[in-house]
Amino acid sequence: MVVGMGRVIGQLGRFCLYSDSYVEGECPPLAGEGGAPALPGSFTFTYGPSAGGLLESVRVDMDTLGEYIRRVAVYPLYKEREIRVLGKGVDDVLLLVERVNGAFSASHSIAFLTAVERAMGVEVDPDVLYLRILQVELERVRNNLFVIERLVESAGFLVPMYQLLYLVEKVNRRIGKVFGHRYFFGVNSLGRVRLEGEKVDLSDVEKEFREVYEGILENRIFIDRLQGNGVVRDERSIGPAARAAGLIYDARLEEETLPYRDFDFKVVKYDSADAFGRLVVRGEEVFESLRIISEVNVRQKEYEARPREGEGIGRVESPSGDLAYYVKVDRESRVTDVSLLSPSSVNLRLFSKSMVRNIFTDFPFNWESFGIWVSEVGVRFT
């Protein structure tokens with residue numbers, strides 16, 4: 001057992017994951033959340049699980065007296081999935097892991113492989129680690145562009161919406177050209193990264209996004225929908241939600257597995273803690289990610305991974321925050337135990353907390369600002 005000294009990130013199977021360690025057992029309980037108790041005259045308004053404004057199936061119950069929301073409960077398990085992996089080889093499990101959430105496929109597969117490599121005591125070639133940074137940052141650019149697109153779509157701004165979708169498609173095509181699949185399926189495996197192209201050049205995306213980004217920041221009608229919407233300052237926050245509240249929480253700083261220090265990585269933060277702050281953090285992170293991407297030298301390398309019994313944890317900074325896997329393997333590289341901590345499971349709690357004292361018309365902007373993917377919350381490995 002390792003004694004946790006850092007901040008609590010979340011529950012990873014039978015472990016509580018801290019920023020610097022993990023401890024077997026439940027994470028310390030949270031106090032004072034859930035909003036006010038029901039009052040006479042209040043009622044529950046249910047949104048979802050199937051509604052035009054939602055990309056995925058999720059039900060949100062909001063207790064209200066008719067204006068302000070007093071309590072929120074989110075039910076994400078309409079997409080609950082049992083994924084049978086135990087007893088299978090690492091590469092066979094990886095095919096399933098990278099499909100847990102296609103939008104975060106690189107983050108899932110790299111966190112899983114990192115856990116496996118730690119379990120086996122594998123030393124990974126630095127060029128392979130650089131290629132993993134390239135994947136995660138490409139995924140971050142694509143996702144942040146998409147989250148911002150969802151925000152402007154909620155405001156009915158069709159011109160920037162289509163401009164941002166166009167940029168998302170551009171990034172997808174560059175990913176497909178370099179790695180052979182626009183969602184990184186089949187790219188990572190134990191011992192190698194599949195590479196089919198040369199250095200990624202996204203200078204045109206940077207130029208076009210800057211113009212769109214500066215335009216929406218100057219739109220007072222749009223900004224009014226975000227400022228003061230969904231304020232949440234929480235010591236157990238992660239990703240853009242934490243950094244929008246001025247907290248320098250980022251696995252790219254805290255984890256040394258991926259050598260971000262070689263790229264002089266800088267954390268982007270803001271201090272408003274609302275949907276606008278989360279927009280700014282995501283927008284500025286696009287530029288920081290593009291800078292890192294431009295500095296990665298693309299070189300094909302392989303590394304040796306000899307089977308060995310063991311267990312390990314892998315953690316990456318996904319576009320929406322900490323994503324971690326616990327993996328246990330036997331001496332023949334078969335997976336005998338696996339657990340997932342998804343960023344969306346943490347962000348759902350933050351969203352629920354941030355919606356209290358808001359009004360329903362704030363919902364779409366606040367929801368989209370967290371970048372939640374319900375598909376990765378209801379996963380159960382057996």
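Quick caveat: nothing in here was measured; it's all calculated off a predicted structure.
- Relative ring orientation between Phe209 and Phe287 is described as tilted, the plane-to-plane angle lying within the 30° to 60° band.
- In this structure a side-chain-to-backbone donor-acceptor pair under 3.5 Å is present from Arg282 to Phe370.
- Taking every heavy atom of both residues into account, Lys301 and Val128 meet most closely at O-CG2, 3.6 Å.
- In this structure, Phe185 shares a hydrophobic cluster with Tyr183, the cluster being traced through Ile, Leu, Val, Met, Phe, Trp and Tyr side chains under 4.5 angstrom apart.
- Minimum interatomic distance between Arg315 and Asp322 (heavy atoms only, all atoms of both residues): NE-OD2, 2.6 Å.
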Evaluate the salt bridge (Lys or Arg N to Asp or Glu O under 4.0 Å) criterion for residues Arg291 and Glu137: first the C-alpha distance (whole Å), next the side-chain angles of each, then the deciding distance (0.1 Å), finally the verdict. CA-CA 10 Å; Arg291 182 189 66 77; Glu137 295 311 310; over 6 Å; no

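- Annotation: side chain of Val298 is in contact with side chain of Leu195 (closest heavy-atom distance under 4.5 Å).
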Test side-chain contact (heavy atoms from CB on, under 4.5 Å) on Val346 and Leu341; report intermediate values, then the result. CA-CA 8 Å; Val346 179; Leu341 169 63; 4.2 Å; yes

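- Between Tyr47 and Phe360, the distance separating the two ring centers is shorter than 6.0 angstrom.
- Between the Asn188 side chain and the Leu113 main chain, no donor and acceptor come within less than 3.5 Å of each other.
- Atom NZ of Lys177 has 12 or fewer neighbouring heavy atoms from other residues, nucleotides or ligands inside a 6.0 Å radius.
- A salt bridge links Lys266 and Asp264; the closest N-O separation between the charged side-chain nitrogens and carboxylate oxygens is under 4.0 Å.
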Candidate pair Val374 and Tyr78, rule side-chain contact (heavy atoms from CB on, under 4.5 Å), full reasoning: CA-CA 9 Å; Val374 180; Tyr78 291 88; over 6 Å; no

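- Nearest heavy-atom pair across Ala241 and Leu350 is CB-CD1, 4.1 Å.
- Side chains of Glu284 and Tyr213: a donor-acceptor N/O pair is present below 3.5 angstrom, by distance only.
- Atoms OH and CD1, from Tyr68 and Ile359 in turn, are 7.0 Å apart once rounded to the nearest 0.5 Å.
- The shortest heavy-atom contact between Ala119 and Gly312 is CB-N, 3.8 Å.
- Side chains of Arg278 and Asn229: a donor-acceptor N/O pair is absent below 3.5 angstrom, by distance only.
- At least one donor-acceptor pair closer than 3.5 Å links the side chain of Glu98 to the backbone N or O of Gly186.
- For the pair Asn297 and Tyr130, the minimum side-chain heavy-atom distance is 4.5 Å or more.
- Applying the side chain to side chain donor-acceptor pair (under 3.5 Å) definition to pairs two or more places apart or across chains, those involving residues 235-248 are Glu235-Tyr249, Arg243-Asp250, Arg243-Glu285, Arg243-Glu317.
- Counting heavy atoms from C-beta outward, Phe363 and Asn358 have side chains that stay 4.5 Å or more apart.
- Between the side chains of Tyr326 and Glu311, at least one donor N or O sits under 3.5 Å from an acceptor N or O.
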Run the side-chain contact (heavy atoms from CB on, under 4.5 Å) test on Ser345 and Gln11 for me, step by step, so that the C-alpha distance in whole Å, both residues' side-chain angles and the decisive distance to 0.1 Å come before the verdict. CA-CA 9 Å; Ser345 62; Gln11 197 69 40; over 6 Å; no

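- Connection of Leu134 to Phe265 is established within a shared hydrophobic cluster, with ILVMFWY side chains joined at heavy-atom distances below 4.5 Å, either directly or through further cluster members.
- Residues Thr257 and Arg118 bring a donor and an acceptor atom of their side chains to less than 3.5 Å of each other.
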Evaluate the side-chain contact (heavy atoms from CB on, under 4.5 Å) criterion for residues Lys88 and Val335: first the C-alpha distance (whole Å), next the side-chain angles of each, then the deciding distance (0.1 Å), finally the verdict. CA-CA 6 Å; Lys88 294 182 178 179; Val335 174; 5.9 Å; no

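- Closest non-hydrogen pair, Cys16 versus Pro28, comes out as SG-CD, 4.1 Å.
- In this structure, CG in Asp362 is found 12.5 Å from CZ in Arg357, a value given to the nearest 0.5 Å.
- Comment: Arg132 engages Glu117 in a salt bridge, judged by a side-chain N to carboxylate O separation of less than 4.0 angstrom.
- Between Tyr325 and Phe381, the ring planes are tilted. Angles from 30° to 60° get that label.
- Between Glu139 and Ser107, the side chains place a donor N or O and an acceptor N or O closer than 3.5 Å (distance only, hydrogens not considered).
- Heavy atoms only, all atoms of each residue included: Ser339 and Leu12 are closest at O-CD1, 3.5 Å.
- The aromatic ring centroids of Phe276 and Phe365 lie 6.0 Å or more from each other.
- Without hydrogens or angle criteria, Ser289 side chain to Val286 main chain gives no donor-acceptor distance under 3.5 Å.
- Within the 3.5 Å criterion, the main-chain N or O of Gly102 finds no donor-acceptor partner in the side chain of Ser105.
- Ile372 and Leu145 fall into different hydrophobic clusters, where Ile, Leu, Val, Met, Phe, Trp and Tyr residues are linked whenever their side-chain heavy atoms come under 4.5 Å apart, directly or through other members.
- Grouped by direct or indirect side-chain proximity (heavy atoms under 4.5 Å, Ile/Leu/Val/Met/Phe/Trp/Tyr only), Val159 sits alone.
- Note: the hydrophobic cluster containing Val280 also contains Leu164 (ILVMFWY, side chain heavy atoms under 4.5 Å, direct or indirect links).
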